[in-house]
Peer 1: 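Mind looking over this structure? Questions follow.
Convention: sequence-line order gives letters A, B, ...; per-chain numbering from 1.
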2 protein chains.
Amino acid sequence: MSITIKDIAREANVSFSTVSKALNDSPLVKEPTKQMILALAKEMGYEINTSAKILATGKSNAVGIYCPSITKPAYAAACLEISHQLKLRGFLPALSTSSFNDAKELFSRLKVACIIILDQQDFYFTNVDFTYNPYTENNETKERFYALKKDAAIKAASLLTHSGHHSVLTVSEYEEDWLSEVIKKEALFDKVHHCYVNTNDLERLFTAIKKALDQTLPDAIMCSSRKLAELTLMISKSLGLNIPVECSIIAYEENIEPGSPISLFGYSAEKSAVKTADYITAKINEQEFDYVNNKPEIMLNYTVKL
Amino acid sequence: MSITIKDIAREANVSFSTVSKALNDSPLVKEPTKQMILALAKEMGYEINTSAKILATGKSNAVGIYCPSITKPAYAAACLEISHQLKLRGFLPALSTSSFNDAKELFSRLKVACIIILDQQDFYFTNVDFTYNPYTENNETKERFYALKKDAAIKAASLLTHSGHHSVLTVSEYEEDWLSEVIKKEALFDKVHHCYVNTNDLERLFTAIKKALDQTLPDAIMCSSRKLAELTLMISKSLGLNIPVECSIIAYEENIEPGSPISLFGYSAEKSAVKTADYITAKINEQEFDYVNNKPEIMLNYTVKL
DNA sequence: CTGTTAGCGCATTCAC
DNA sequence: GTGAATGCGCTAACAG
């Protein structure tokens, strides 16, 4: 068995409850005593038994993160950033990426204070104070999320038109053509073309984009996802298109993190994570949280000509 | 507070230790009593307090999985399969994909019985009975792992040559050219060309592959990873190469799962997971485990002409 | 077969 | 300030 507070108490010649207080930085113990105990605990290699602590207090500082689609880079970025922000606030993040049932069991075992769901879909956990899904805002309408994407797209489109881009080709997946819709509605470009593709069928994707580029000769391409943009970039190059001299490429991404080879528009992974972590902290401490939308951001690199 | 075994005991008019036994399916309690208690527990919505159980037994059925590179599809496949196999054996898999320190804390909190490391690199955890890394076999030499990859490559190459392929182009990343080495050594093909690329620089990757294809006109392409193969496939198509009529494409993947658009050679994710889970089970129960290598497998689809 | 008891490691009263 | 006592929910002897 490992070192317990009783072991420390014996060594320190104090009672184990004094050790408990010292370890929890209680004001009820004299500073020198506290320091002595802390030093001794470190020296003896004491590690708290979390099960015992949870049992005794009925509380846990663990926060569950449920992210079934972690293989998508945007979600992975969100997971990492949120974990980081939670740690900074003294929580222990516990990630589950597997089935809903596994997640439930893991979280219940850790007695998580709340669960953050990172997915377009909501999941209903029981036996937890509350869940939070930044992508659905738990009960708010889908429109709200669409509005955020739309804001980002408009900002990116404006930047492109103001820097001399006139014709655009939007590339999005069949199922979600929000980008085309936004660009069409806003009518910021002189010429707009849309191209719908399927990333599971690279052959048809290639043909579709080639055809679209041949027909329209756009000076800008906006993609609804980073993966789409990477493929589009390569296809453009294979067709001899000079990026970004002849044509700029930019893509939407949910959680922007530095290091992308493609210019992106969307929301900063870090800022979104800060907001999520702040929200969680406020709610757990039963404090007010005034909800402000994050502003869309644009991360430019060599794929866009200004 | 939630329902405890005492609550159930009161309702059932038995002692709480009887309830405990019934819940743990002990033979020390009569079948009717057991059924009655089980039914009652279900009806009352009882959920075990794992902290209390861990505290009382000093044991936990949680197994840690540390997979820092889960964004790579092969590792993701391994995680899912291993989690599944562990569950089948009564363990609770807990995944950590974040920093080493976070993982340590999470696993220590769950008092995991052991930790499975899914990474090319080893990590040294303390306070755990044992760790297991199927990719390094913990202390065995790198050569062992290389040998497995080599076996798979030879099997795939033989299949290609026996079905009429004579010239091959291998495509691998600069850092790991094991595939080129194997193909060179084995000399199964009449003509062999190598192409080294970098997936972070799509522009140069495109140029390099185009150049290689122009020069060599192979009737088979073997890639050292699925990502490389997907890109190569698209580039081939963009160059007007008819896949698989003029040229077959196949790629190595660590953990093969059904559903890939590219033909693959490597090891079955499921079989590898079974082996890992069996090993863990044996070791935890302090039983013998006779170590047998998995056999390489090949998953063919339309990208290979037979 | 069932009940009684002790104790896992810790936080938290309440005395001193 | 510090220590002694109690209990969190559960398992595991042991007693009946």
Peer 1: Sugar-phosphate means primed atoms, P, OP1 and OP2; the rest is base. With that split, encode nucleotides 11-16 of chain C 5' to 3' as B, S or - using protein heavy atoms under 4.0 Å.
Peer 2: BB----
Peer 1: State which residues pass salt bridge (Lys or Arg N to Asp or Glu O under 4.0 Å) with Lys87(B); sequence neighbours excluded, sorted by chain then number.
Peer 2: Asp102(A)
Peer 1: Expressed in angstrom and rounded to an integer, what is the separation of Ile54(A) atom CD1 from dC10(D) atom P?
Peer 2: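 Nearest whole value for this atom pair: 14 Å.
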Peer 1: Identify, with sequence neighbours excluded, every residue that meets side chain to side chain donor-acceptor pair (under 3.5 Å) alongside Thr18(B).
Peer 2: Ser15(B)
Peer 1: Return the minimal non-hydrogen interatomic distance between Gly259(B) and Met299(B), and the atom names on each side.
Peer 2: N-CE, 4.4 Å
Peer 1: When the distance from NZ of Lys6(B) to P of dG3(C) is rounded to whole Å, what number comes out?
Peer 2: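 Answer to the nearest Å: 15 Å.
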Peer 1: Where along residues 30-45 of chain A does a heavy atom fall under 4.0 Å from DNA chain D?
Peer 2: Lys30(A), Thr33(A)
Peer 1: Rounded off to whole Å, could you give me the CG-to-P distance for the Asn61(B) and dT11(D) pair?
Peer 2: 12 Å
Peer 1: Rounding to 10 degrees, work out the angle separating the end axes of the helix from dC1(C)-dG16(D) to dC16(C)-dG1(D) (five pairs an end).
Peer 2: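 Result, rounded to 10 degrees: 40°.
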Peer 1: Separation of Glu47(B) atom CD from dC8(D) atom C1', in whole Å?
Peer 2: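 For the pair Glu47(B) CD and dC8(D) C1', the rounded distance is 17 Å.
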Peer 1: Pairs under 3.5 angstrom only: tabulate donor-acceptor contacts from the side chains of residues 32-46 of chain B to other protein residues two or more places apart or in another chain.
Peer 2:
{"residue": "Lys34(B)", "atom": "NZ", "partner": "Asp25(B)", "partner atom": "OD1", "Å": "3.1"}
{"residue": "Lys34(B)", "atom": "NZ", "partner": "Ser26(B)", "partner atom": "O", "Å": "3.1"}
{"residue": "Gln35(B)", "atom": "NE2", "partner": "Glu31(B)", "partner atom": "OE2", "Å": "2.7"}

Peer 1: dG9(C) C1' sits how many Å from Asn49(A) CG, rounded?
Peer 2: 5 Å
Peer 1: So which atom in Ile65(B) and which in Leu86(B) form the shortest heavy-atom distance, rounded to 0.1 Å?
Peer 2: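 Taking every non-hydrogen atom into account, CD1-CD1, 4.2 Å.
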Peer 1: Could you state the atom-to-atom distance from CZ of Arg109(B) to P of dG9(C) in whole Å?
Peer 2: 17 Å
Peer 1: Rounded to whole Å, how long is the line connecting atom CG of Asp25(B) with atom C1' of dT11(D)?
Peer 2: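 Atom CG in Asp25(B) sits about 15 Å away from atom C1' in dT11(D).
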